[in-house]
Amino acid sequence: MEFIRSEGWASPRLLESERGFSASESRIRERCMCLHYAGFIEPIHGDMYDLTSEGILYLKGDLDAEHYPEPKPSKVFKDRFATPSNWSHASVKPYW
C-alpha cells in the first residue's frame with residue numbers, strides 16, 4: 001500500500017519486480033485481492049490498483065483495520081476454481 005501511495009498505482013507484476021518481495025506474483029495478487037475485499041485498494045484497470053479513501057486513512061493511521069471484517073478466502077475468492085490451493089482453511093461451497 002505504501003508503494004501504491006508513492007507511485008499512484010501498482011500491479012502485482014510491478015510489485016514483484018520493483019519491490020523485490022520474496023513472494024511470487026500470484027501471492028502478491030492474492031494479497032491485493034484481500035486488500036481490495038477489505039476496501040483498502042481498488043482495481044483501476046485490469047490488474048492495476050489504486051488506494052481507496054479507506055486505504056489512505058489507514059496509511060495515515062486514522063483508520064483502525066481491526067474494525068473491518070477479516071477477509072476470508074471463501075469471500076475473497078468467490079470462484080471456487082480461483083481459490084488458492086495452499087489456503088488450508090478455505091471453505092468453498094459448491095454452486096449447486
Side-chain angles (χ1 to χ4, degrees):
M1 288 177 56
E2 289 88 358
F3 183 83
I4 294 173
R5 179 175 56 186
S6 67
E7 299 298 321
W9 66 273
S11 68
R13 177 174 293 189
L14 180 68
L15 287 168
E16 181 190 32
S17 64
E18 294 290 323
R19 296 297 293 179
F21 290 126
S22 59
S24 67
E25 180 183 339
S26 62
R27 181 67 178 144
I28 295 170
R29 180 171 287 107
E30 292 167 9
R31 300 305 299 167
C32 287
M33 292 173 74
C34 289
L35 289 170
H36 173 239
Y37 178 83
F40 294 139
I41 63 175
E42 184 74 26
I44 54 175
H45 180 72
D47 242 5
M48 298 167 52
Y49 290 93
D50 194 2
L51 292 175
T52 63
S53 299
E54 289 82 3
I56 294 168
L57 290 171
Y58 175 76
L59 288 176
K60 287 182 175 180
D62 294 337
L63 187 143
D64 187 354
E66 191 164 315
H67 300 294
Y68 277 69
E70 181 180 340
K72 304 275 191 231
S74 60
K75 299 288 186 186
V76 174
F77 305 103
K78 293 175 186 167
D79 181 353
R80 67 185 176 115
F81 296 109
T83 302
S85 60
N86 59 347
W87 285 57
S88 60
H89 59 283
S91 61
V92 178
K93 296 180 180 176
Y95 292 107
W96 55 93

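Source: prediction; values computed, not measured.
With sequence neighbours left out, Glu66 forms a side chain to side chain contact (heavy atoms under 4.5 Å, CB included) with Asp64. With sequence neighbours left out, the side-chain hydrogen bond (donor to acceptor under 3.5 Å, both in side chains) criterion links Ser24 to Ser26. Listed by chain and residue number, Glu25 satisfy the salt bridge (charged side-chain N to carboxylate O under 4.0 Å, His left out) test with Arg13 (two or more places apart in sequence, or in another chain). With sequence neighbours excluded, no residue forms a ring-ring contact (aromatic ring centres under 6.0 Å, His included) with Tyr37. Listed by chain and residue number, Met1, Glu2, Arg5, Leu51 satisfy the side chain to side chain contact (heavy atoms under 4.5 Å, CB included) test with Leu59 (two or more places apart in sequence, or in another chain).
Listed by first then second residue, pairs satisfying side chain to side chain donor-acceptor pair (under 3.5 Å) with a partner in residues 38-57 read Arg29-Asp47, Thr52-Glu54, not counting sequence neighbours.
Summarising the geometry of Phe3 relative to Trp9, their closest heavy-atom pair is CE2-O, 4.2 Å, with the distance given to 0.1 Å. Taking every heavy atom of both residues into account, Ala23 and Ile28 meet most closely at O-CD1, 3.9 Å.
We find the CE-CD1 distance between Met48 and Ile4 to be 10.5 Å, quoted to the nearest 0.5 Å. Interatomic distance, CD of Glu16 versus OG of Ser11, reported as 10.0 Å (0.5 Å rounding).
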